Amino acid sequence: MLENLPKTYDPKDFEDRLYKFWSDNNYFTPKVDKNKKPFTIMMPPPNVTGSLHMGHALNNTIQDVLTRWKRMDGYEALWLPGTDHASISTEAKVVDKIKSEGKSKEDMGREAFLEEAWDWTHLYGGRIKNQLKKLGVSCDWSREAFTLDENLSKAVEEVFIRLYEKDLIYRGNRIINWCPSCTTAISDAEVEHEDSHGSIWQVRYPLKDGSGHIEIATTRPETMLGDLAIAVNPEDERYKDLIGKTAILPLVNREIPIIADSYVEMEFGTGAVKITPSHDPNDFEVGARHNLGQCIIMNEDGSINEKGGAYKGLERFEARKKIVEDLKEGDYLVAVKDHDNAVGHCERCKTIIEPLISKQWFVKMEPLAKPALEAYYKGEVNFIPERFGKIYTHWLENIKDWCISRQLWWGHRLPVYYCDSCGEVIVSRTPVEKCNKCESDNVRQDTDTLDTWFSSALWPFSTLGWPEKTPDLDYFFPTDVLVTGYDIIFFWVIRMVFSSIEQMGEVPFKDVFLTGLVRDSQGRKMSKSLGNGIDPLEIIDEYGADALRFTLLTGNSPGNDMRFYTERVEANRNFANKLWNATRFVLMNLQEDIGFGQLDLESLEEEDKWIVSKLNKTIKEASDNLEKYELGMGAQRVYDFIWDEYCDWYIEMVKSRLYGSDENSRLTAQKVLVYVLKDILKLLHPFMPFITEEIWQHLPDSNQALIVTSWPKYKSELEFEYSENSIEYIKTAIKHIRNARAEMNIAPSKKATTIFVTKDDVVKSYLENGKRYFINLASAESIQIHDNKDGLGEDNISVVLHKAEAYLPLKELIDFDKEIERLEKEKEKLDGEIKRVVGKLSNQGFVAKAPEKVVEEEREKQRKYEEMLDKVLERLESIKNIK
RNA sequence: GGGCGGUUAGCUCAGUUGGGAGAGCACCACGUCGACAACGUGGGGGUCGUUGGUUCGAGCCCAAUAUCGCCCACCA
């Protein structure tokens with residue numbers, strides 16, 4: 001009946017097979033069942049361009065732990081997977097690809113380019129899904145979504161139109177971040193600021209009336225081509241007389257006014273600022289206040305346009321160089337100084353961003369941010385760890401309108417149409433062929449697409465069928481927890497929250513669990529360019545998915561970065577191996593057909609009750625840990641129970657019964673071994689799904705798959721205090737005896753009669769019941785229990801215990817000097833403990849103010865240690881006398 | 001400029017209501033005894049960055065400070 005496990009643990013033997021088994025049986029697919037509670041997680045959709053990296057492995061492992069646990073705990077657990085079209089990233093890759101084939105976007109045209117992009121998506125989009133499966137993710141592939149799916153696109157369009165109709169989306173001429181390489185506008189969040197060492201140039205602009213000049217300072221000299229004014233602070237005495245005068249823009253010879261604006265800081269630079277309204281956000285504001293108009297001097301690719309006169313056609317940094325040279329030549333350049341400032345780069349391609357004025361579409365953020373902040377302050381959204389709430393509130397409190405239009409082709413096209421006859425702007429759910437104002441058919445759709453985050457902002461409900469009122473949406477929304485990296489709080493988390501509040505009327509998730517970064521062993525960020533990335537698939541291939549998962553879950557805490565060491569994976573693989581072998585031991589000692597259903601509490605022996613009681617506590621504590629998202633602590637607790645309690649102690653203690661002649665005792669031991677093992681597998685399953693399922697299916701009476709069994713429950717009737725005390729006493733005694741023997745260099749093969757001397761009835765009962773443990777685990781030949789040590793002689797090793805003393809008569813082996821040395825060491829230890837306890841207890845404040853329980857514990861310790869010290873001293877005395 | 005985090009054993013890190021400092025790896029010694037050498041047993045190793053405060057009691061709370069790191073920010 002019992003099929004034995006292979007001798008060695010090899011995850012390759014079963015991981016893929018089990019994934020298929022779960023999948024084929026639809027265990028990942030929850031039903032809409034009103035009698036059960038739903039539990040929902042939306043997987044942060046990886047980009048179709050990507051392949052699995054450690055970051056994915058980490059957050060998907062966490063999601064899988066939560067999902068598997070909740071599924072076992074009786075919930076209809078939905079973990080919905082999917083992928084993101086990742087507009088700008090994917091487009092860049094496709095552009096590169098066609099470029100290598102000698103083609104360009106423009107040559108191909110929109111239709112053909114999109115076909116290429118879809119081909120790319122189909123080719124690479126599936127790759128990461130298969131990689132995720134290797135990790136063991138129990139997500140519901142039948143509900144898989146893609147941001148460009150028809151229904152998700154419909155959701156995007158619907159949201160755009162609703163926001164437009166509420167005046168929350170508008171089109172306007174504003175300063176945006178322009179990437180000359182991607183040739184598109186990007187949002188503020190997509191700009192990375194990087195400190196750089198640069199220069200600041202001081203330039204003098206002559207005054208028109210010939211009365212002198214005014215000096216300005218700039219870090220971007222090329223933008224002077226677009227200068228429309230010079231601004232000074234109205235309070236600045238130095239420039240008071242110049243306000244209202246006209247200056248001549250060098251090299252261009254444009255006449256520009258000198259204006260006063262309090263935005264200018266007198267202390268900075270020269271106190272006079274050139275104003276370039278079309279190429280700087282602050283200047284834009286100043287320009288608007290003073291009606292300066294606009295002067296755009298750059299093309300899409302960042303080169304200087306016809307407004308730049310002689311500099312036309314130069315790339316922007318070439319132009320800078322040339323302009324500085326010319327300024328110098330014309331004696332306009334006063335000084336060049338070193339200057340540090342933060343330069344904005346495109347998050348995708350790292351090109352330096354050019355702020356410039358452009359007509360784009362924006363989401364008006366303030367009305368959306370407000371409820372999102374309120375939701376947080378009302379506790380509707382919680383961050384784990386809490387500190388990340390500050391990032392959330394800080395961003396929302398300082399929010400600016402969100403530029404959502406992109407000059408890209410891969411993505412959701414704006415549902416906006418322009419009439420070229422009358423200029424009407426039409427936003428429509430259906431294609432527009434005729435202007436609804438002038439009835440002209442001279443109508444065209446906007447060629448822009450939406451920021452990729454616009455669609456991912458809707459992920460928690462668009463994936464469930466919104467705007468349709470689907471049963472899924474009704475049942476599974478709002479979701480329970482979002483698991484993601486702290487680096488996309490404002491890209492994604494915030495946008496989901498306000499989108500959800502706006503469209504659904506409630507927050508999309510209750511908890512946000514934030515993961516840190518997985519770094520290499522030297523603490524560096526893993527990156528392609530550094531070549532220090534560790535491929536999760538290679539790790540899985542070598543050590544198995546379970547070991548990788550366990551490594552990612554333990555040894556770090558939420559929101560903190562972690563370093564990845566293959567040594568840790570190896571250690572966790574060893575743990576899996578330990579469990580594997582423990583199971584083999586259990587299986588090879590089972591008799592057939594004894595029935596492993598219920599535990600018969602009446603027949604349990606001391607160590608049985610002890611392990612059951614310990615298991616019971618572990619169930620409670622591990623469940624509490626999971627409840628509080630303390631996944632690493634929960635995993636560690638289960639690990640410790642398995643290795644320290646079950647393997648190192650329980651199995652060892654029970655061996656004599658398995659090999660013994662007492663049939664009832666033997667069968668009880670077998671039953672308890674299986675009983676505890678089954679709960680162990682359940683507790684470990686969310687963390688290590690493969691090995692636990694594989695073992696489970698080899699156990700007797702386990703017809704149902706482990707993945708859908710029930711999570712163990714704490715039961716107060718399974719607490720056995722006496723047994724716990726008894727076994728813990730025995731464990732301590734065994735450790736002491738082992739220690740003494742090791743220190744005396746007495747090999748375990750040299751067995752000795754062990755004589756316990758005690759007057760304490762409770763200890764006597766512990767020892768009486770525990771005789772066989774000493775024989776098996778402490779190299780005892782036989783056990784005697786005496787009331788006093790009369791007639792024992794002195795040729796013994798003495799092991800001092802609490803309320804007892806153990807004697808090992810090993811006459812010919814005893815080296816009295818060593819024995820004295822060992823006892824002296826013991827004495828020192830006890831002296832130290834007593835000193836600490838007495839110190840504490842002689843502090844009146846402590847005795848008076850500490851809780852009675854704590855004080856009594858300390859008193860008890862004092863009695864215990866003094867009692868033990870007495871015996872050590874007595875022993876030392878008598879042994880010295882012999883010498 | 002603003003905000004946040006780390007600083008605990010040789011290394012990497014846990015330590016969540018303040019009550020005798022833990023794990024893994026590494027190291028030393030012994031061991032192949034009928035699950036496991038991917039192992040067992042025993043051991044060494046820390047004034048928890050520094051200073052001050054609160055408290056009977058601080059790795060944990062408060063205030064400074066040092067140092068490393070991260071995030072945000074339109075000073076030309």
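Lettering follows sequence order; numbering is per chain, from 1. Quantities reported herein were computed from a predicted structural model and do not represent experimental measurements. Only heavy atoms go into these numbers, but all of them, side chains included; no hydrogens, no water, no symmetry mates.
Distance A:K818 NZ to B:rG42 C1': 14 Å, rounded to the nearest Å.
Between the side chains of A:D640 and A:Q636, at least one donor N or O sits under 3.5 Å from an acceptor N or O.
In this structure, A:D487 reaches neither bases nor backbone, as no heavy-atom distance under 4.0 Å exists between it and the strands shown. Here A:F388 lies out of heavy-atom contact (under 4.0 Å) with every strand.
For A:Y659 and B:rG34, the ring-to-base geometry satisfies the stacking test (centroid distance below 5.5 Å, interplanar angle below 30°).
Residues from residues 561-579 of chain A with heavy atoms under 4.0 angstrom of RNA chain B, sorted by number: A:R563, A:Y565, A:A571, A:R573, A:N574, A:N577, A:K578.
Side-chain to base pairing of A:Y639 with B:rG24: no donor and acceptor N or O lie closer than 3.5 Å to each other. No hydrogens or angles were tested; on distance alone, nothing pairs the side chain of A:Q202 with the base of B:rA76 as donor and acceptor under 3.5 Å.
Minimum atom distance to the side chain of A:H193 is reached by B:rC74, of the listed B:rC74, B:rC72, B:rA35.
Put simply, A:S557 has a side-chain N or O that comes within less than 4.0 Å of OP1 or OP2 on B:rA14. Using a 4.0 Å cut-off, some side-chain N or O of A:W643 falls inside it from OP1 or OP2 of B:rG40.
B:rU65 sits 26 Å from B:rA14 when the P atoms are compared, rounded to a whole Å.
A salt bridge links A:E645 with A:K731: the closest approach of a Lys/Arg side-chain nitrogen to an acidic carboxylate oxygen falls below 4.0 angstrom.
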For side chain to side chain donor-acceptor pair (under 3.5 Å), just list the numbers for A:Y486 and A:D561, CA-CA rounded to whole Å, side-chain angles, deciding distance to a tenth of an Å, and then say yes or no.
CA-CA 10 Å; A:Y486 61 70; A:D561 293 353; 3.1 Å; yes
Per-residue pairing states of RNA chain B in dot-bracket (Watson-Crick or G-U under 3.5 Å; . unpaired, | other strand) read (((((((..((((.....[..)))).(((((.......))))).....(((((..]....))))))))))))....
